[in-house]
Amino acid sequence: MDKKKIAIISSIVVAVILLVVGVSYAYFSATVKEEVKTQTVIKANELSLTFNGTSEITADDMIPGDSFTKTFTVENTSSVKASYNIYMEGITNEFNEDLVYTLTDEDGTVVAETPLPVTNTGKSYLLKDIEIDGGQLQSYTLKIEFKYLDTPQNDYQGKNFKATVGIDANQVKGSSEQVAKVCKITKD
């Protein structure tokens, strides 16, 4: 064969390889959607906690090693010290225990880290009994990651994750009455 034919054949082979790699990457790319910005306000007598952020989380077609973050704040707009819990509910996790979360505070300190539940019917608490002073704002970052394992994870192609994040109140400090009995939760 002459050099011209070898160059043409080599060019065609390289083009086919690039096409296959490009199509494969496009097929396995992940999409993550934040659904609706939510504000939850919990009020009881002098207590008022506000959750600001997107409460619904949806992730489709993730590939091993993918992750996404969600940030939200909790604000105590009252003058009374209170405590609250951060939870996730309505979980549909088709990735099983290969999907993990890390919850960090505004200082970057990891406050919770564990595999996500596969499903739940009630609330799965990420963190409980967090104290917050009156007038204080606390920020959090929730990172959800599809762990990369050194084994085939092809069974998870096309799988999905969906959940809702929220807060609920505990007891107002200095009061024996449980806030959850008298609070009203509103979502805008």
Side-chain angles (χ1 to χ4, degrees), residues 32-60 62 66-78 80-147 159-173 175-188:
V32 177
K33 299 175 235 165
E34 286 191 17
E35 297 294 329
V36 179
K37 294 282 184 189
T38 302
Q39 183 179 59
T40 302
V41 180
I42 301 173
K43 293 183 178 181
N45 297 333
E46 295 179 31
L47 173 67
S48 181
L49 294 177
T50 304
F51 172 93
N52 285 306
T54 306
S55 63
E56 293 182 13
I57 304 169
T58 303
D60 302 309
M62 293 181 73
D66 276 353
S67 66
F68 63 92
T69 58
K70 169 192 175 17
T71 57
F72 58 92
T73 60
V74 178
E75 182 178 13
N76 184 351
T77 56
S78 69
V80 179
K81 185 175 192 172
S83 66
Y84 63 94
N85 307 307
I86 300 173
Y87 66 86
M88 207 179 271
E89 67 181 345
I91 297 173
T92 301
N93 176 5
E94 297 175 341
F95 295 94
N96 298 320
E97 291 186 1
D98 288 352
L99 204 59
V100 296
Y101 77 87
T102 305
L103 184 65
T104 55
D105 63 14
E106 61 261 7
D107 298 326
T109 304
V110 175
V111 292
E113 185 174 37
T114 190
L116 285 161
V118 174
T119 186
N120 70 349
T121 53
K123 295 178 180 177
S124 293
Y125 287 94
L126 307 180
L127 198 58
K128 289 184 173 183
D129 302 322
I130 308 158
E131 289 194 350
I132 186 169
D133 291 326
Q136 185 179 13
L137 177 74
Q138 295 175 339
S139 300
Y140 295 94
T141 300
L142 177 65
K143 178 182 177 183
I144 297 179
E145 180 180 5
F146 182 17
K147 290 191 308 186
K159 299 298 183 181
N160 301 305
F161 169 79
K162 184 175 183 176
T164 302
V165 177
I167 62 168
D168 58 17
N170 286 335
Q171 185 173 345
V172 176
K173 298 300 174 190
S175 170
S176 60
E177 184 177 338
Q178 288 291 323
V179 173
K181 293 179 183 176
V182 295
C183 71
K184 178 180 179 183
I185 300 175
T186 59
K187 292 188 179 184
D188 297 331

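Note that the coordinates shown come from a computational prediction; the quantities given were computed from them, not determined experimentally.
- The two atoms that bring A163 and I91 nearest to each other are CB-CG1, 3.8 Å, heavy atoms only.
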query = Given the rule in the side chain to side chain contact (heavy atoms under 4.5 Å, CB included) test, do M62 and F95 qualify, once you have shown the distances and angles that lead to the verdict?
reply = CA-CA 9 Å; M62 293 181 73; F95 295 94; 3.9 Å; yes
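- Here the side chain of D105 pairs a donor or acceptor atom with the backbone of D107 at under 3.5 angstrom.
- Between F68 and F161, the two ring planes are tilted [angle within 30° to 60°].
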task = Take D129 and N85 through the side chain to side chain contact (heavy atoms under 4.5 Å, CB included) test and state the conclusion after the steps.
result = CA-CA 6 Å; D129 302 322; N85 307 307; 4.0 Å; yes
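- Distance alone, capped at 3.5 Å, is enough to place a donor-acceptor pair between the E106 side chain and the S139 backbone.
- Note that CD1 of I167 and NZ of K123 are 10.0 Å apart. Values are rounded to the nearest 0.5 Å.
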inquiry  = Run K159 and F146 through side chain to side chain contact (heavy atoms under 4.5 Å, CB included) and show every step you take.
reply    = CA-CA 11 Å; K159 299 298 183 181; F146 182 17; over 6 Å; no
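- T114 has its side chain within reach of Y101: a pair of non-hydrogen atoms, C-beta onward, lies under 4.5 Å apart.
- Considering only heavy atoms from C-beta on, N160 stays 4.5 Å or farther from T58 through its side chain.
- In terms of heavy-atom proximity, N76 sits nearest to I132 at ND2-O, 3.4 Å.
- M88 CE to L116 CG: the interatomic distance, rounded to the nearest 0.5 Å, is 5.0 Å.
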task = Any chance you could lay out the side chain to side chain contact (heavy atoms under 4.5 Å, CB included) test for L126 and L142, step after step, and finish with the verdict?
result = CA-CA 10 Å; L126 307 180; L142 177 65; 4.2 Å; yes
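- Interatomic distance, Q138 CD to E131 CD, rounded to the nearest 0.5 Å: 9.5 Å.
- Evaluation of the salt bridge (Lys or Arg N to Asp or Glu O under 4.0 Å) test over residues 132-146, restricted to residues two or more places apart or in two chains, returns K81-D133.
- Note that CG of D66 and CD1 of I144 are 12.5 Å apart. Values are rounded to the nearest 0.5 Å.
- Taking CD1 from I86 and CG from L127, the interatomic distance works out to 5.5 Å, rounded to the nearest 0.5 Å.
- Residues forming a side-chain contact (heavy atoms from CB on, under 4.5 Å) with E113 (at least two apart in sequence, or on another chain): T102, V110.
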